[in-house]
Amino acid sequence: MACKISNSMIICLGPSQRPIRSQTIAIHSSTASICHLRWDNLLVKGINHRKGIIPLRRNKVIQAVAVPVRPSSADSADSAEYRKLLAETYGFRQIGEPLPDNVTLKDVIDTLPRKVFEIDDVKAWTSVLISVTSYALGIFMISKAPWYLLPLAWAWTGTAITGFFVIGHDCAHKSFSKNKLLEDIVGTLAFLPLIYPYEPWRFKHDRHHAKTNMLSEDTAWHPVWEKEFETSPFLRKAIMFGYGPFRPWMSIAHWLIWHFDLNKFRPNEVKRVKISLACVFAFMAIGWPLIIYKTGIMGWIKFWLMPWLGYHFWMSTFTMVHHTAPHIPFKHSDEWNAAQAQLNGTVHCDYPRWIEVLCHDINVHIPHHVSSRIPSYNLRAAHKSIQENWGPYLNEATWNWRLMKTIMTVCHVYDKEQNYIGFDELAPNEASPITFLKRVMPDYT
C-alpha cells in the first residue's frame with residue numbers, strides 16, 4: 001500500500017483501487033507512524049467533524065481509501081472537499097452544506113413558483129389510472145407467471161400498489177382535489193387494499209411533517225434510545241434484527257403499533273379513526289374470504305400477501321432513506337429548526353424510472369417536506385426550483401447498495417454528539433445480525 005498527503009486529506013491506494021469493502025482503514029503518515037481506523041468509526045464518528053475527532057483503533061488493513069484528515073476548525077469541517085468525501089463514504093451524490101440558522105421555511109417556500117401548488121384534476125386522475133392499470137397488470141402477471149417468475153410479478157405488483165399509497169398520501173395532504181370530501185373518499189379507498197386505516201395514518205403523518213427529525217415527537221423513524229437498547233437481552237436482539245436485516249419491512253411493525261390503538265389519538269380524532277378502522281376491517285372481512293374462496297389459501301398468499309410485503313419493502317425503504325443518514329441529526333425540540341429539518345434534513349433519492357412512475361415521484365421528497373401542499377405530479381418542477389435556489393444545501397443520492405448498507409449497519413442508537421452509534425459498538429458480542437450485514441451486503445455505489 002502507498003499513501004500520500006494531498007491538501008486536506010490522506011489518500012491510501014492499493015493495487016486494485018476498487019471501492020472500499022472491508023472493515024478497516026490503514027493510514028501511513030509521513031512521520032512513519034501507522035494508525036488504524038475502523039470502517040464503522042469513519043461512518044459514525046467521522047461525521048463528528050465539528051469536534052475534529054476520529055477515534056483510532058488497531059485492526060486489519062484495506063486496499064484503498066480516501067478519508068478526511070482531522071479538521072482543524074468548523075470552517076474546514078464544513079468544506080466542500082470534506083463533504084464530498086463523506087458523500088462518497090455514505091453513498092450520496094451530494095451532502096449539503098449546513099443551512100444558515102437565519103433561514104426560515106417561509107424563505108424557502110417563497111422561492112417556489114406558484115404553479116407548483118396548483119391542483120390539476122386531469123393529472124390527479126391520470127395517476128389513479130396509472131395505479132389501477134399497473135396493479136391489474138400485476139395481478140394478471142401473477143395469474144399467468146410460472147413459479148420461477150412469480151418474484152418478478154410480485155415486485156411489479158407490490159410497487160404498483162405503493163402507487164395507491166401515494167394517491168392516498170396526496171389526499172391526506174389535501175393536494176389531490178379541491179373537493180375535500182372526495183379526497184377523503186379516494187384516500188380511504190386507495191388505502192383499503194393495503195389494509196391501512198386512512199384517518200389514523202393521516203393524523204400521525206401530519207405530526208411527522210410538523211416535527212420532522214425531532215426526537216420523540218416525530219412519528220416516522222426514530223433512532224433507538226440507548227436505555228431502550230439496554231432494557232433486556234431479548235429486546236436488544238429484537239431491536240438489532242428490526243433495525244438491521246428486517247429493516248426493509250419494519251413499516252409493518254409501525255403499521256400495527258401506531259394505527260389501531262385508539263388511545264394514541266386525541267379525543268377529537270377518535271370518531272374519524274373509528275370510521276377508518278371499520279372500513280379496513282370490513283375490507284378484510286369481505287375481501288379476504290372472497291380471495292380464499294376463489295383461489296384458496298395459496299391464492300391469498302400469491303395475490304395479496306406477497307404484493308403487500310413488496311409494498312412494505314418500499315414503504316420502509318423510502319421512509320428510512322428520506323430522513324436517515326449518519327450526518328443528518330435528530331434533535332430535541334428546543335434545538336430543532338424547521339427549515340434545517342425539512343430542507344437540510346430530507347434526502348432526495350433517484351430510483352429506476354419505472355419505480356418513479358409507479359410510485360408517482362414520492363421520492364422527489366425535499367419539496368414535499370418544504371410544503372406538503374405540492375401535488376405529487378408537481379414535485380419535479382418544485383425540486384428543480386429548489387435546486388436552482390438552494391442547491392448547495394441539498395442531500396441527494398441515487399439509490400445504491402452502499403447507501404442502504406450505511407443506514408442498516410450504522411444508523412442505530414441515538415447519540416447527541418455523533419448522531420448515531422452502531423449496535424456493534426455498544427454490544428459487539430451480541431451484534432451478529434449487524435456483522436452479518438456488513439459481511440454480505442454489497443458496497444456498490
Side-chain angles (χ1 to χ4, degrees), residues 19-21 39-40 42-44 46-47 49 66-68 78-99 159 162 166 212-213 220-221 223 243 247-248 250-251 313-330 340-370 376 379-380 382-388 390-412 419-420 437-438 441-445:
I20 301 165
R21 295 192 190 180
W39 170 251
D40 53 337
L42 171 64
L43 288 174
V44 181
I47 56 88
H49 48 269
V67 299
D78 292 334
S79 70
E81 188 175 29
Y82 189 81
R83 291 196 308 276
K84 183 178 179 181
L85 290 173
L86 288 182
E88 184 179 351
T89 300
Y90 300 154
F92 279 74
R93 283 201 311 266
Q94 172 181 300
I95 286 179
E97 61 185 73
L99 189 69
T159 308
T162 305
V166 179
T212 302
N213 281 30
W221 291 93
Y243 278 74
R247 197 161 185 171
M250 270 291 282
S251 61
F313 172 84
W314 289 125
M315 184 73 166
S316 300
T317 300
F318 291 167
T319 305
M320 66 180 171
V321 169
H322 288 160
H323 303 288
T324 310
H327 66 286
I328 295 178
F330 276 72
Q340 291 171 355
Q342 311 294 14
L343 183 75
N344 221 200
T346 302
V347 175
H348 170 89
C349 188
D350 292 315
Y351 290 79
R353 186 61 186 153
W354 70 275
I355 296 174
E356 302 279 18
V357 171
L358 295 188
C359 298
H360 310 301
D361 289 335
I362 189 60
N363 293 295
V364 186
H365 208 63
I366 295 174
H368 176 63
H369 267 267
V370 169
S376 58
L379 288 174
R380 288 197 179 274
H383 186 71
K384 183 178 179 182
S385 172
I386 290 173
Q387 282 180 317
E388 292 170 354
W390 305 93
Y393 305 108
L394 305 185
N395 291 288
E396 296 184 320
T398 298
W399 189 91
N400 64 84
W401 283 109
R402 183 176 297 176
L403 177 67
M404 292 295 291
K405 187 173 185 177
T406 298
I407 294 172
M408 294 174 67
T409 64
V410 172
C411 299
H412 297 148
N419 297 336
Y420 292 98
L437 289 180
K438 287 186 174 182
M441 285 188 74
D443 195 40
Y444 305 120
T445 55

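Remember, it's a predicted structure, so these values are computed and weren't measured experimentally.
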Engineer: Going from OG1 on Thr159 to CZ on Phe313, what distance comes out if it is rounded to the nearest 0.5 angstrom?
Structural biologist: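 Atom-to-atom, Thr159:OG1 and Phe313:CZ are 9.0 Å apart.
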
Engineer: Heavy atoms, side chains only, cut-off 4.5 Å: are Met408 and Pro248 in contact?
Structural biologist: yes

Engineer: Working to the nearest 0.5 angstrom, can you tell me the gap between Thr406 OG1 and Trp401 CH2?
Structural biologist: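 Answer for the OG1-CH2 pair, Thr406 versus Trp401, is 13.0 Å.
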
Engineer: Kindly indicate whether the side chain of Asp350, heavy atoms from C-beta on, has any atom under 4.5 Å from the side chain of Glu396.
Structural biologist: no

Engineer: When rounded to the nearest 0.5 angstrom, what distance separates CD1 in Ile366 from OG1 in Thr346?
Structural biologist: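 Rounded to the nearest 0.5 Å, the CD1-OG1 separation comes to 6.5 Å.
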
Engineer: Of the non-hydrogen atoms in Trp221 and Ser316, which two are nearest, and what is the gap between them?
Structural biologist: CZ2-O, 3.7 Å

Engineer: Nearest 0.5 Å, what's the OG1-CG distance between Thr212 and Leu343?
Structural biologist: 12.0 Å

Engineer: Output all residues satisfying salt bridge (charged side-chain N to carboxylate O under 4.0 Å, His left out) with Arg247, sequence neighbours left out; order by chain, then residue number.
Structural biologist: none

Engineer: Going by side-chain hydrogen bond (donor to acceptor under 3.5 Å, both in side chains), name the residues that satisfy it together with Asn363, two or more places apart in sequence or in a different chain.
Structural biologist: His322

Engineer: Determine, stepwise, if the pair His383 / Asp361 fulfils side-chain hydrogen bond (donor to acceptor under 3.5 Å, both in side chains).
Structural biologist: CA-CA 11 Å; His383 186 71; Asp361 289 335; over 6 Å; no

Engineer: Supply the atom-to-atom distance Phe318 CZ to Trp399 CH2, rounded to the nearest 0.5 angstrom.
Structural biologist: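 Interatomic distance, Phe318 CZ to Trp399 CH2, rounded to 0.5 Å: 11.0 Å.
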
Engineer: Any idea which heavy atoms bring Tyr243 and Met250 closest together, and the distance?
Structural biologist: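 Looking at all heavy atoms of both residues, the closest pair is CE1-CE, 4.1 Å.
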
Engineer: Please name the pair of heavy atoms, one in Val321 and one in Cys349, separated by the smallest distance, quoted to 0.1 Å.
Structural biologist: CG1-CB, 3.8 Å

Engineer: Looking at Lys405 and Met441, what are the two nearest heavy atoms and their distance?
Structural biologist: NZ-O, 3.2 Å

Engineer: Are side-chain heavy atoms of Cys411 and Pro326 found at a separation under 4.5 Å?
Structural biologist: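 Of all side-chain heavy-atom pairs linking Pro326 with Cys411, at least one is under 4.5 Å.
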
Engineer: Output all residues satisfying side-chain hydrogen bond (donor to acceptor under 3.5 Å, both in side chains) with Thr317, sequence neighbours left out; order by chain, then residue number.
Structural biologist: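 Per chain and number, Thr317 pairs via side-chain hydrogen bond (donor to acceptor under 3.5 Å, both in side chains) with no residue.
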
Engineer: Classify the ring geometry between His323 and His369 as parallel (under 30°), tilted (30 to 60°) or perpendicular (over 60°).
Structural biologist: perpendicular

Engineer: Ignoring hydrogens, what is the shortest heavy-atom contact between Thr319 and Ala220? Give both atom names and the distance.
Structural biologist: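 Looks like CG2-CB, 4.3 Å.
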
Engineer: Considering non-hydrogen atoms only, spot the tightest contact between Glu97 and Tyr393 and give its length.
Structural biologist: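 In this case the closest contact between Glu97 and Tyr393 is O-CD2, 3.3 Å.
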
Engineer: Return the CG to CZ distance between Asn400 and Arg93, rounded to the nearest 0.5 Å.
Structural biologist: 10.0 Å

Engineer: When you compare the side chain of Gln387 with that of Leu394, does any pair of heavy atoms fall below 4.5 Å?
Structural biologist: yes

Engineer: Any side-chain heavy atom of Phe330 within less than 4.5 Å of one from Asn419?
Structural biologist: no

Engineer: Checking side-chain hydrogen bond (donor to acceptor under 3.5 Å, both in side chains) against Asn395, which of His348, His327, Gln94 comes through?
Structural biologist: His327

